[in-house]
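For reference, the structure discussed in these notes is given below.
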2 protein chains.
Amino acid sequence: MRDSSDGGGRLDSFDLAILDILQKDNGTPQRVIGERVNLSSAAVHRRMRRMQDEGVIVGNFAVVDPRRVGLPFTVVVEVHVESERLDLLDAAKRSFADDPQVQQCYYVTGEADFVLIVTVPSMSAYEALTRRLFFGNNNVKRFRTLVVMDRVKTGLAVTLGEA
Amino acid sequence: MRDSSDGGGRLDSFDLAILDILQKDNGTPQRVIGERVNLSSAAVHRRMRRMQDEGVIVGNFAVVDPRRVGLPFTVVVEVHVESERLDLLDAAKRSFADDPQVQQCYYVTGEADFVLIVTVPSMSAYEALTRRLFFGNNNVKRFRTLVVMDRVKTGLAVTLGEA
DNA sequence: TGTGTTGGTGAAAATATATTGCGTTCAGCG
DNA sequence: CGCTGAACGCAATATATTTTCACCAACACA
């Protein structure tokens with residue numbers, strides 16, 4: 001057994017260096033990673049697998065340019081709910097998460113309850129989405145639409161090593 | 001030359017099927033992809049490279065669980081600027097995009113000007129970020145902080161084939 | 001000082017990727 | 001109609017990568 005309660009061990013600076021590379025390009029050969037972080041490729045491999053198994057690495061994904069696949073519109077939506085009853089919140093979460101055009105969904109404190117990032121082929125598709133998810137849900141009090149003009153920075157990469 | 005103005009050809013249903021798999025797991029062997037979409041692995045390979053070259057595939061990334069690397073707080077920030085002068089907007093975009101704790105940045109129309117998704121190790125780190133990016137920028141009129149309680153759905157995957 | 005545990009190395013084996021030659025299909029056109 | 005070129009898929013092959021293995025060094029600790 002390693003240690004720690006959350007099911008995963010601590011990460012050392014090698015792990016962080018490897019993650020940093022994989023966050024930028026997970027197709028980088030383990031041999032090259034090894035050269036850059038000063039480890040054998042077998043060691044890199046073992047650490048990678050460990051981090052996969054422990055859930056440090058959530059997944060490995062190709063990212064597609066939405067404009068190239070007929071989804072030129074990105075919209076940020078702030079959703080305000082009527083009631084914060086747990087079962088109603090869960091229902092809302094599920095309906096948002098299950099919708100394929102909802103790319104991201106955050107449940108937040110503050111002046112809104114949910115923030116959604118959605119990608120749609122057209123504004124009328126967005127309108128359809130609002131009917132589906134908001135007007136069709138009695139617990140949605142109101143929502144604010146922010147249409148994205150420039151996706152200045154996107155990604156899921158995270159700062160490492162400065163924590 | 002294929003066709004189309006945007007430098008990329010059209011995607012057929014094979015391409016979309018391949019992308020769909022790669023969006024979920026880009027480590028899937030080409031042989032397996034081929035079996036699933038009914039194509040030889042060489043065909044899959046050629047299509048993958050084409051889509052890479054054309055920029056349909058933006059990149060290949062490992063995604064790290066922020067909580068496992070000392071970044072337990074996600075915050076959504078709405079930023080309102082004073083002036084929409086182009087040079088000032090560009091300066092703001094740059095400063096947001098260059099900050100490593102800013103994971104995503106969208107320039108939007110509507111009731112706000114920017115929406116940022118940030119990941120931080122602590123709320124005091126968030127406070128430091130606000131000083132750095134907002135209080136330190138005369139063009140930022142005000143900002144609203146929405147602290148994320150539940151990252152209901154994250155990712156960059158996109159609906160394919162229903163466009 | 002032994003002993004178990006963690007983690008490293010280098011090389012071999014198992015897989016996967018990348019390239020190539022060839023046959024087929026199909027649209028455009030004489 | 002039948003030719004021609006382009007694009008595509010298939011199968012075989014050459015490279016490259018991943019994965020595993022046996023063995024060794026460092027460290028903590030009884």
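Throughout, protein chains are lettered first and strands after them, A, B, ... in sequence-line order, and every chain is numbered starting at 1.
- Take the nearest nucleotide of DNA chain D for Asp12(B) and for Val32(A): the residue whose nucleotide is more 5' is Asp12(B).
- Side-chain contact between Phe114(B) and Lys93(B): present, with at least one pair of heavy atoms (C-beta onward) separated by less than 4.5 Å.
- To the nearest angstrom, P of dC8(D) lies 12 Å from CD1 of Ile18(B).
- The interatomic distance linking His45(A) (NE2) with dG10(C) (P) rounds to 17 Å, in whole Å.
- Residue order along DNA chain D, read from the 5' end via each residue's closest nucleotide, puts Arg31(A) first among Arg31(A) and Arg46(A).
- Comparing dC10(D), dA18(C), dT20(D) against the side chain of Ser40(B) picks out dC10(D) as the nearest.
- Between the CZ atom of Arg50(A) and the P atom of dT18(D) there is a distance of 18 Å, given to the nearest Å.
- As rounded to whole Å, 7 Å separates atom P of dA18(C) from atom CE of Met48(B).
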Self-check item: Intermediate values then yes/no, ring pair (Phe, Tyr, Trp, His ring centres under 6.0 Å), Phe143(A) and Phe135(A)
Solution: CA-CA 10 Å; Phe143(A) 62 95; Phe135(A) 294 115; 5.6 Å; yes
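- Residue contacts shown for Gln30(B) are limited to sugar-phosphate atoms, with no base heavy atom under 4.0 Å away.
- Applying the 3.5 Å distance criterion, the base of dG7(C) shares no donor-acceptor pair with the side chain of Arg47(A).
- Side-chain contact check for Lys153(A) versus Phe96(B): every heavy-atom pair is 4.5 Å or farther apart.
- Going from atom CG of Leu39(A) over to atom C1' of dT6(C) covers 13 Å, rounded to whole Å.
- Atoms CZ (Arg49(A)) and P (dG8(C)) sit 14 Å apart, rounded to a whole Å.
- Counting to the nearest Å, the C1' atom of dT6(C) and the CD atom of Glu54(A) are 13 Å from each other.
- Atom OG of Ser122(B) sits about 9.5 Å away from atom CG of Leu71(B), to the nearest 0.5 Å.
- To the nearest angstrom, P of dT17(D) lies 17 Å from CG of Asn60(A).
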